[in-house]
Amino acid sequence: MTIDELNVLITAQTKEFNRSIKSVNKRIDDMSKQTEKATSRISGMFKKIGAVALAAFSASAIISFGKQAVELASNAQEVQNVVDTAFGSMSGMAEDFASTAIDQFGMSELTAKKTASTYMAMSKGLGLADEAAAQMAISVAGLTGDVASFYNTSQEVADTALKSIWTGETESIRQFGIVMTEANLQQYAYQQGIKKTISDMTQAERVQLRYMYVTDQLSLA
């Protein structure tokens, strides 16, 4: 085979090889474009799904917030009615106490009003309805916040325990180291210069004695 014939053969084979390479590159480019399109479509689908999910979540959050706001407003109105009924003309005392309760006792205004009003209503039910009774109700309401903080418990637990001042129940308040037996109360009364025996006291007088005894026992808190 002559050199010229060999050159013709090499040139022909080179052209065929180049055509094959171009064909392969074209297929790769086509596959790459298809992949990009598919990726773009999938990405778009996820974005749409995400937008729909976000919109649904936002709507749900708005509805939930709306319900909570309505419920809170309703509770606030109910508690305000209790304040006005329990304290009557002395409701301003409860309002002043509640307005600073979060700073002084770590209680929300709503909780402060509810707690103080409950105590005042209990006092009225036992014949105590004057300014001293209002001050006692407010004082014990504040004490629930101090007790909760000092003993690392909830305000609800402290509230239940301090209701013992009005009910005379002894078990719930024992958890704070206060043994409010009749014997202890009688001894305390004598120490305070009170000559009257507990059996001769009115319900209102017993409440006042238990109030003095409990607040004295919890003076550390």
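When reading the values below, keep in mind they use all heavy atoms of this one structure, side chains included, and skip hydrogens, waters and symmetry mates.
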Peer 1: State, with a plain yes or no, whether a side-chain heavy atom of Met201 is found less than 4.5 Å away from one of Ile194.
Peer 2: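 In short, these two side chains touch, coming nearer than 4.5 Å.
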
Peer 1: Name the one of Thr197, Thr170, Ile198 that satisfies side-chain contact (heavy atoms from CB on, under 4.5 Å) with Glu182?
Peer 2: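 Of all the options given, the one that passes is Ile198.
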
Peer 1: Using modelled atom types and a 3.5 Å cut-off, is there a donor and acceptor pairing between side-chain atoms of Glu205 and backbone atoms of Thr202?
Peer 2: yes

Peer 1: Roughly how far, to the nearest 0.5 Å, is CD1 of Ile165 from CE of Met122?
Peer 2: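 Spacing of CE (Met122) from CD1 (Ile165) equals 9.5 Å.
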
Peer 1: Looking at Ile178, is its backbone amide N or carbonyl O close enough to the side chain of Tyr213 to form a donor-acceptor pair, meaning the two atoms are under 3.5 Å apart?
Peer 2: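 No, because the side chain of Tyr213 does not come within donor-acceptor range (under 3.5 Å) of the backbone of Ile178.
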
Peer 1: For Ala112 and Ala101, work out which heavy atoms get closest and say how close.
Peer 2: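 Minimum heavy-atom separation between Ala112 and Ala101: CB-CB, 3.5 Å.
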
Peer 1: With no hydrogens and no angle check, is any side-chain donor or acceptor of Ser149 less than 3.5 Å from a backbone partner on Gly145?
Peer 2: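 No.
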
Peer 1: Taking Met212's backbone N and O only, do any of them form a donor-acceptor pair with Thr215's side chain (distance below 3.5 Å, no angle check)?
Peer 2: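 Indeed, once roles are kept as given, a pair shorter than 3.5 Å links the two residues.
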
Peer 1: Check whether any side-chain heavy atom of Val214 lies under 4.5 Å from a side-chain heavy atom of Met180, and answer yes or no.
Peer 2: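 In contact.
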
Peer 1: Could you state whether Met93 and Val82 fall into the same hydrophobic cluster, counting links through intermediate Ile, Leu, Val, Met, Phe, Trp or Tyr residues with side-chain heavy atoms under 4.5 angstrom apart?
Peer 2: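 Cluster IDs for Met93 and Val82 differ.
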
Peer 1: Over all heavy atoms of both residues, which pair between Phe87 and Ala137 is shortest? Give the atoms and the distance, please.
Peer 2: CZ-CB, 4.4 Å

Peer 1: Any donor-acceptor pair under 3.5 Å linking the side chain of Asn81 with the backbone of Gln77?
Peer 2: yes

Peer 1: Just checking, is any N or O donor in the side chain of Tyr119 or Asp159 under 3.5 Å from an acceptor N or O on the other one?
Peer 2: yes

Peer 1: Could you tell me whether Lys113 and Glu95 have a side-chain N and a carboxylate O separated by less than 4.0 Å?
Peer 2: yes

Peer 1: Return the minimal non-hydrogen interatomic distance between Gln186 and Lys196, and the atom names on each side.
Peer 2: NE2-O, 3.4 Å

Peer 1: Would one find more than 12 heavy atoms of other residues, nucleotides or ligands at under 6.0 Å from atom NZ of Lys163?
Peer 2: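 Yes.
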
Peer 1: Does any donor atom in the side chain of Gln175 or Ser172 lie under 3.5 Å from an acceptor atom in the other side chain?
Peer 2: no

Peer 1: Looking at OH of Tyr211 and CH2 of Trp166, how far apart are the two atoms once the value is rounded to the nearest 0.5 Å?
Peer 2: 8.5 Å

Peer 1: Would you name the heavy atoms of Leu218 and Tyr151 that are closest together and state the gap between them?
Peer 2: CD2-OH, 4.0 Å

Peer 1: Starting at NZ of Lys124, measure out to CG of Asp130 and round the result to the nearest 0.5 Å.
Peer 2: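 That separation rounds to 11.5 Å.
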
Peer 1: Counting only heavy atoms from other residues, nucleotides and ligands, does the tally under 6.0 Å from CD of Glu131 exceed 12?
Peer 2: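 Count not over threshold, so no.
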
Peer 1: Would you confirm whether Ser99, through its side chain, and Asp96, through its main-chain N or O, come within 3.5 Å as a donor-acceptor pair?
Peer 2: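 Yes, the answer is positive, given that a donor and an acceptor are paired below the 3.5 Å cut-off.
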
Peer 1: Determine whether Phe105 and Phe97 satisfy the following criterion, ring-ring contact (aromatic ring centres under 6.0 Å, His included), listing intermediate values before the conclusion.
Peer 2: CA-CA 10 Å; Phe105 307 106; Phe97 160 67; 5.8 Å; yes

Peer 1: Would you say Ser108 and Thr111 are linked by a side-chain donor-acceptor pair, where the criterion is simply a distance under 3.5 Å?
Peer 2: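 Present: a donor and an acceptor within the cut-off.
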
Peer 1: Classify the side-chain pair Gln203/Gln208 by whether it contains a donor and acceptor separated by less than 3.5 Å.
Peer 2: no

Peer 1: Would you tell me whether Glu171 and Ser164 have side-chain atoms, one donor and one acceptor, within less than 3.5 Å of each other?
Peer 2: no

Peer 1: Quick one: closest heavy-atom pair of Leu126 and Ala204, and the distance?
Peer 2: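 In terms of heavy atoms, the two residues are closest at O-CB, 3.6 Å.
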
Peer 1: CE of Met107 to OG1 of Thr115: how many Å apart, nearest 0.5 Å?
Peer 2: 5.5 Å

Peer 1: Rounded to the nearest 0.5 Å, what separation is found between the CG atom of Leu143 and the CE atom of Met136?
Peer 2: 12.5 Å

Peer 1: Can you tell me how far apart CZ (Arg210) and CD (Gln217) are? Round to the nearest 0.5 Å.
Peer 2: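 One gets 14.5 Å once the value is rounded to the nearest 0.5 Å.
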
Peer 1: Which pair of heavy atoms, one from Ala133 and one from Ala129, lies closest together, and at what distance?
Peer 2: CB-N, 3.9 Å

